[in-house]
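Accompanying notes for the structure given below.
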Amino acid sequence: MDFELPELDRKATQRAVESALAKYRLYKSIFPEEREASTTASYDTIGGGRNNSITDQTSSIAIENADEAAYRKRFCERLERAVDRLPKLEKFLIKERYMCEDAEYITDYKVYSFVFQPPISEKTYAKIRWKAFYKLALNMNIAVIQTPGS
């Protein structure tokens, strides 16, 4: 049995993974603002609304609020599971560089020079990061597969 891993577009895949990690940080730090039902009455002279349908505003808002919270929780848990499956060095890199609260203010240089003990070179850091991105992209179904001829 011959199985070949797909060739990925490096830049597009890196953007997709970094975008997913940014989305993760946002979901972890900002709680969704729950919508509330309008308490102002509105009357319709005809009755039944313009399309003769009755809506339950309170239940539709409650469902939307619950769905949004559940979606965010599922996304964060899925990404955390994908990161936890990575090898030790790759997991360490992703958590220290992309999943911490201050990730937007931390540079790659700071991570490979000061966070890794002992420090690693820029090329080694880039190799470890690409391997982690490759695995995360495939695991999260956000990989951008390179088309033949490009």
Side-chain angles (χ1 to χ4, degrees), residues 1-42 51 53 55-150:
M1 184 169 167
D2 200 18
F3 179 72
E4 225 175 277
L5 291 171
E7 184 71 28
L8 300 183
D9 182 349
R10 286 179 82 103
K11 288 183 181 182
T13 300
Q14 182 171 344
R15 279 194 304 269
V17 172
E18 286 177 342
S19 173
L21 290 164
K23 187 174 170 184
Y24 168 84
R25 286 192 309 272
L26 188 68
Y27 284 176
K28 282 296 216 183
S29 64
I30 297 176
F31 299 104
E33 185 176 322
E34 293 188 358
R35 291 186 51 214
E36 294 183 8
S38 170
T39 56
T40 306
S42 60
N51 58 2
S53 67
T55 61
D56 185 5
Q57 180 185 19
T58 306
S59 68
S60 64
I61 289 174
I63 290 169
E64 186 178 320
N65 287 340
D67 287 348
E68 178 67 20
Y71 170 76
R72 288 174 179 234
K73 184 177 179 188
R74 275 193 320 270
F75 178 82
C76 290
E77 287 173 350
R78 184 172 170 223
L79 189 74
E80 288 168 355
R81 278 194 313 270
V83 169
D84 285 339
R85 287 188 205 123
L86 295 174
K88 192 166 100 175
L89 277 178
E90 294 171 15
K91 183 190 321 184
F92 180 76
L93 185 149
I94 296 296
K95 285 188 175 188
E96 290 296 322
R97 172 64 177 92
Y98 296 100
M99 293 179 78
C100 68
E101 290 178 7
D102 299 330
E104 294 166 6
Y105 308 106
I106 295 175
T107 62
D108 291 327
Y109 174 77
K110 182 178 180 185
V111 175
Y112 66 75
S113 294
F114 302 110
V115 177
F116 273 92
Q117 292 301 327
I120 60 175
S121 71
E122 183 179 1
K123 285 186 177 185
T124 304
Y125 177 83
K127 286 178 188 176
I128 295 170
R129 184 177 62 183
W130 172 244
K131 288 178 183 179
F133 280 1
Y134 187 91
K135 293 170 188 170
L136 283 176
L138 291 175
N139 206 340
M140 297 290 293
N141 290 330
I142 55 175
V144 180
I145 297 175
Q146 195 169 22
T147 57
S150 58

Closest heavy-atom pair and its distance - [X], [Y]:
X     : Y      : result
Ile30 : Arg72  : O-NH1, 3.2 Å
Tyr27 : Cys76  : CB-SG, 3.7 Å
Arg25 : Cys100 : CD-O, 3.5 Å

Measuring from atom [atom1] of [X] to atom [atom2] of [Y], what distance do you get when rounded to the nearest 0.5 angstrom?
X      : Y      : atom1 : atom2 : value
Ile106 : Glu96  : CD1   : CD    : 7.0 Å
Phe75  : Glu80  : CZ    : CD    : 10.5 Å
Arg81  : Met140 : CZ    : CE    : 9.0 Å
Leu136 : Arg85  : CG    : CZ    : 10.0 Å
Gln14  : Glu18  : CD    : CD    : 4.5 Å

Is the backbone of Phe114 close enough, under 3.5 Å, to the side chain of Gln117 for a donor and an acceptor to pair up by distance?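 It does hold such a pair.
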Review point. Would a distance-only check, ignoring hydrogens and angles, find a side-chain to backbone donor-acceptor pair under 3.5 Å from Thr13 to Val144?
Key: yes
Salt bridge (charged side-chain N to carboxylate O under 4.0 Å, His left out), that's the test. Do Asp84 and Lys95 meet it? Break it down for me. CA-CA 10 Å; Asp84 285 339; Lys95 285 188 175 188; 3.3 Å; yes
Are any non-hydrogen side-chain atoms of [X] and [Y] less than 4.5 angstrom apart?
X      : Y      : answer
Tyr125 : Ser113 : no
Lys28  : Met99  : no
Asp9   : Ile145 : no
Trp130 : Leu8   : yes
Arg78  : Tyr24  : no
Ile128 : Ile120 : yes
Ile94  : Phe133 : yes
Leu93  : Lys131 : no

Taking the ring of Phe116 and the ring of Phe92, is the distance between their centroids below 6.0 Å?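 Between Phe116 and Phe92, which both carry aromatic rings, the centre distance is below 6.0 Å.
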Here the salt bridge (charged side-chain N to carboxylate O under 4.0 Å, His left out) pairs for residues 106-116, sequence neighbours left out, are Arg97-Asp108, Asp108-Arg129
